[in-house]
There are 4 protein chains.
Amino acid sequence: MGTKERRAREKAARKEQVLQAAREVFAWKGFEGATVEEIAARAELSKGAVYLYFRSKEEIFLSMWRSTVDFFVEQAEQALNLTGGLVARFAALLDVYIGLLRLYPDFIEAILNWKHGDLKEKVSAETYEAVVVRCLHVHASLLKVLEDGMREGLFRRVDAPSFITMILGAFNGVLLMLKNPEHQKMALRSQDEVYSFMRDYFLTTLLVK
Amino acid sequence: MGTKERRAREKAARKEQVLQAAREVFAWKGFEGATVEEIAARAELSKGAVYLYFRSKEEIFLSMWRSTVDFFVEQAEQALNLTGGLVARFAALLDVYIGLLRLYPDFIEAILNWKHGDLKEKVSAETYEAVVVRCLHVHASLLKVLEDGMREGLFRRVDAPSFITMILGAFNGVLLMLKNPEHQKMALRSQDEVYSFMRDYFLTTLLVK
Amino acid sequence: MGTKERRAREKAARKEQVLQAAREVFAWKGFEGATVEEIAARAELSKGAVYLYFRSKEEIFLSMWRSTVDFFVEQAEQALNLTGGLVARFAALLDVYIGLLRLYPDFIEAILNWKHGDLKEKVSAETYEAVVVRCLHVHASLLKVLEDGMREGLFRRVDAPSFITMILGAFNGVLLMLKNPEHQKMALRSQDEVYSFMRDYFLTTLLVK
Amino acid sequence: MGTKERRAREKAARKEQVLQAAREVFAWKGFEGATVEEIAARAELSKGAVYLYFRSKEEIFLSMWRSTVDFFVEQAEQALNLTGGLVARFAALLDVYIGLLRLYPDFIEAILNWKHGDLKEKVSAETYEAVVVRCLHVHASLLKVLEDGMREGLFRRVDAPSFITMILGAFNGVLLMLKNPEHQKMALRSQDEVYSFMRDYFLTTLLVK
DNA sequence: TATGAATGAGGATTCATTCAT
DNA sequence: TATGAATGAATCCTCATTCAT
C-alpha cells in the first residue's frame, strides 16, 4: 500500500537525517565527545526519537562507518572498471582513498580513534558484519590489483599484504598527524601536499624501472 | 641549601613515580578510560597528592608524552653519533622509532588517539612547549639526515618534509590499524612483519640505485 | 442497532485480547518491569490502540486484577453451592484459593507487589470500584461460611475477620516468600507442600474436636 | 593513630547516616520508587558521596536489610535466653517478629516487594552473604525451638519447616495486605488486632491440649 | 606535603503517553 | 478505530577537581 511505502521512505529519510547530523557531531567532537543529545538536536529530533532508529550511540557510529565504506567501495568499483592498465587502476584506487580522506577527514579521524568495549550488546550484528565485510572487500580489491600487477611484471615484487597495510596505514597516519593541533604546528607541508607526495612516491617506487 | 636540593630531588622522584604509573594506566585504558584515581593508586599516592605535582589529567598525559619523546631523542642522538654512513644512520633512526613503537605501543596509541579541547587552562605552558619543542627536534634530526643524504647523492631526491611526515605517519598509522580489534581480524601480517617490511621498503626505495 | 452491538462485542473482545496479553507480561515482569509496548505487541495491537481501551498502564493492571477476582468469585460460588456440610464448603473455598495461587502465581505476586501512588487520575472510578467490590465479596463469602460454622458449633469460636485476614495473608505471604529467589535458597519445603500443610493445619485447628 | 580511628568512626557514622536516610525513603517509596538523589539529599550529602559508601542502590538496600535482620537476630537471642519453658520462648520469638513488623512495617514491605535481577555485579558478595546467613539463622532458631517443643511433647507434631514457613509467611502476608491502600478499605480489623489474633491462634493451636 | 571525603555536572537510555494521519 | 512516530522527563552512576584537616 501507498501508506506503507511512504512510511518506509520517511523512516529511511529520518535515519539519513540522524546519520547526517551524527556525521557532523562525531567529526567535531569524536565518538566520546559527541552526545546523543547534540546529535538529536542537530537532526531536529528528540533524544528519544533517535533511539527509534538506532539501538545505541555505538550503532549510530557504526552505521556511519558503514555508509562511509559503502561510499568508498562504490567509487572504488568505478575506478577498477576503468579502461587503462593496472597502473592506472591502482593510481585511481589511491585517488579514491585520498578523495575520501579529503571529504571526511574528521569523521575518518573519529573512526581511527574509536575505542570500544564489547559491541555485541550495543550494536546489531547486521550493522557490525556489514562494516567488517565492506572493509575486507576494500582490502581484497587492493590486493588483487597489486598481485595482478606483480604477476604481469608491471610492479616490483613485494609482500602484497604488508604493502597494502603500509599504504593504508600511511594515509591514515598522516591524516591523524596533520589533524592533531599539536602536530600541525610542526608540520611543514599541508595535508594535500603530503597526500600528493605519497601518491607519487608509492606509485613511482612500485613500478618496475 | 641542601634541604632545598633534597626537596627538589624528592619532588622530581614523586613526579617520576606518578608518570610511571600513568604510563601504564594510559596504555591500558587510553586517555578517556584512565582515571586519576587509578593512576594515584598505582603510584601509591593519594588522588590529592597527584594534583600537587600535576595541574590536571591532561598535564599528566602531556608530561608522559614529553618523557616519551625525550626517551626517543636520547636514543636518536646515539644513533646519529654512530660512525657509519648516512644510510646506516638513517636506518638506525628508523630502528629507534620502531623500537619505540614496540616498547610502548599502547601508550603511543593513546597519544595518537588523544582528542582534546583547549589545553591552555589545563596544562602549564612549560610542559606544552616542551613537547612541541621535542617533537620539532625529532623532525629536524630526520630532516637533516635526509637532506644530507640527498646532497651527497646517496638518497633519491624527494621533498624531505613530506617524506618524513609520510614515514612517521606510516608507522603510526600501521600501529593504529593493527591494534584495532576490527582491523586485526582483517590483517594478514603481524605488526612486526609489517614494520620490517616498511623499514626495507623505505630504505630500498630511498637509495639511489 | 445490530451494528452497535457488534461494535460493543468487538470492543469487549479487544479488551479481553489485551488483558490476556497483559496477564502474561505482568506475570513475567511484574508491574514495573512490564512495558505497554510489550503488552501491545503480544496482543497484536499497536501501542496507540491499547490506549483506546485502557486509560493507562495502571488501568490495564487493575482490570486484570478485577478479572482475576471475578474468576475466583465464580469458582467460589460453585464451591459454596456444593452439597455437603460447612466444613466441606470451607475446605472447598480454600482449595479454590489454592488453585488460584497455583494457576496464576506470578500474576498474584505482581498484585501483591504492586506499589502505586494516587490512582485517581490514572484509573477509571468504575474499574477501581469493581475491584474493591469484588474483593469485599470474597471476604464476605469466607466470613459467612466461617460464622455459620461457628454458629452451628462446627468451628471453634474465633474472631472471624481476623481469621480470614490471617488465612489469606498466610497464603499470599507464603507465595511471596517461596517465589523470592533469596528465600528459595533457604526453603526446605516446596510451595505445594506448604500449601497442603496449611490447608490441613487451618482446617484441623478450626474444627471443634 | 588517633586520626585513623576518627576517620573510621566518621566513615561508619556517615554510612549509618545514609542508611538512616535510605530506610525512610525506601519505606515511603519502595525500592523502585526511591531515588539515590532523594536518599542523598535526606542524608544531607551529595549524590556522589553516597557512592563512596555504597556500590549501588541495591547495595544500600541490602545493607539495610542486613541491619534489620541483625536487629531481629539480636532480640531473638535475648528471647531465646529467657528462662521459662519452650512455650514462653516460642511466644517471645513471635513477639520479637511482631515487634519488628510494627517497628519497620514499610521497610519490611519494601523488602518483601523487592524484585531484582542479578545482584552479583551490583552488590558486594559480603553484604549479600551476610543477609542470607542471617536469614538462615532466623529460620534455624525457630526450627530448633519448634522441634525441641515437639520432642518434649509440648507442641503438637507438625512438619516443622512447613510450619515455620507458614507462620512467617502469614505475618508477612498480613502486613502486605493491610498496608495496601486498597486492602485497607476492606479490612475489618487493624494490623495490631490481627497480629494479636495470629499470635494467640498459632500458640493455642500448637500446644498439645 | 599529604590525605581522602565531598562535590556536582554530565550523559546514555527507557518508556508512558500523545497525536497527526 | 487504528497506527506508530515523537516526545521528554526521569534516573543511575562516574570522575575530575577541590578543600578542610
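Letters A, B, ... are given to chains in the order of the sequence lines, protein chains preceding strands, and every chain is numbered from 1. All heavy atoms count here, side chains included; hydrogens, waters and symmetry mates do not. Bear in mind the structure is a predicted one, so any value in this text is a computation, not a measurement.
- Contacts of A/A40 with the nucleic acid, taken as non-hydrogen atoms under 4.0 Å apart, are absent.
- The existence of a salt bridge linking C/E32 and D/K115 is excluded, since no basic side-chain nitrogen approaches an acidic carboxylate oxygen closer than 4.0 Å.
- Each of F/dC12, F/dA6, E/dT13 was ranked by its minimum atom distance to the side chain of D/T35; first place goes to F/dC12.
- Of the two residues contacting DNA chain E, namely A/Y51 and B/L52, the nearest-nucleotide position lying further toward the 5' end is that of B/L52.
- You'll find that the side chain of C/S56 is closest to E/dT17, out of E/dT1, E/dA12, E/dT17.
- For E/dA2, the OP1/OP2 oxygens have a side-chain nitrogen or oxygen of B/R14 closer than 4.0 Å.
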Test side-chain hydrogen bond (donor to acceptor under 3.5 Å, both in side chains) on A/R14 and A/Q17; report intermediate values, then the result. CA-CA 5 Å; A/R14 284 268 193 271; A/Q17 189 179 342; 3.2 Å; yes

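- Distance from the side chain of C/S46 is smallest to F/dA2 among F/dT7, F/dA2, E/dT7.
- If you take CG of C/L45 and C1' of F/dT3, they are 10 Å apart, rounded to a whole angstrom.
- One can place CZ of D/R55 at 10 Å from P of F/dT14, the figure rounded to the nearest angstrom.
- Distances from the side chain of D/K57 to the nucleotides F/dC13, E/dT3, E/dA16 place F/dC13 closest.
- Atom CD of B/E10 has more than 12 neighbouring heavy atoms from other residues, nucleotides or ligands inside a 6.0 Å radius.
- Taking atom CD1 of residue A/I60 and atom P of nucleotide E/dT13, one finds them 8 Å apart after rounding to whole Å.
- Classification of D/E38 and D/K47 as a salt-bridged pair fails, no side-chain N sitting under 4.0 Å from a carboxylate O.
- E/dT14 atom C1' lies 13 Å from atom CD of D/E32, rounded to whole Å.
- Atom P of nucleotide F/dA2 and atom CZ of C/R7 are separated by 9 Å, given to the nearest angstrom.
- Rounded to an integer number of Å, the gap from NZ of C/K15 to C1' of F/dT1 is 15 Å.
- For B/Y53, the listed nucleotide lying nearest its side chain is E/dT1; candidates were E/dT13, E/dT1, E/dA6.
- Across all strands shown, E/dT3 is found opposite F/dA20 as a Watson-Crick or G-U wobble partner, with both distances under 3.5 Å.
- Both B/G33 and C/K11 lie close to DNA chain F; mapped to their nearest nucleotides by heavy-atom distance, the more 5′-ward contact belongs to C/K11.
- Checked against a 6.0 Å centroid threshold, the rings of D/F107 and D/F61 count as neighbours.
- A salt bridge links A/R66 with A/E126: at least one charged nitrogen is closer than 4.0 Å to a carboxylate oxygen.
- The nearest whole Å value for the distance from the CD atom in D/E10 to the P atom in F/dA20 is 15 Å.
- Nearest-nucleotide assignment on DNA chain E puts the 5′-proximal partner with B/A49, out of B/A49 and C/F31.
- Out of F/dA16, E/dT3, E/dT17, the shortest distance to the side chain of B/V36 is found at F/dA16.
- At the heavy-atom level, A/K47 lies under 4.0 Å from base atoms of the strands shown.
- Distances were taken from every side-chain heavy atom of A/K122 (C-beta onward) to each of E/dT13, E/dT1, E/dT7; the shortest belongs to E/dT13.
- B/A41 comes within contact range of no nucleotide atom at all, as no heavy-atom separation falls under 4.0 Å.
- The CD-C1' distance, from B/E37 to E/dA6, rounds to 13 Å in whole Å.
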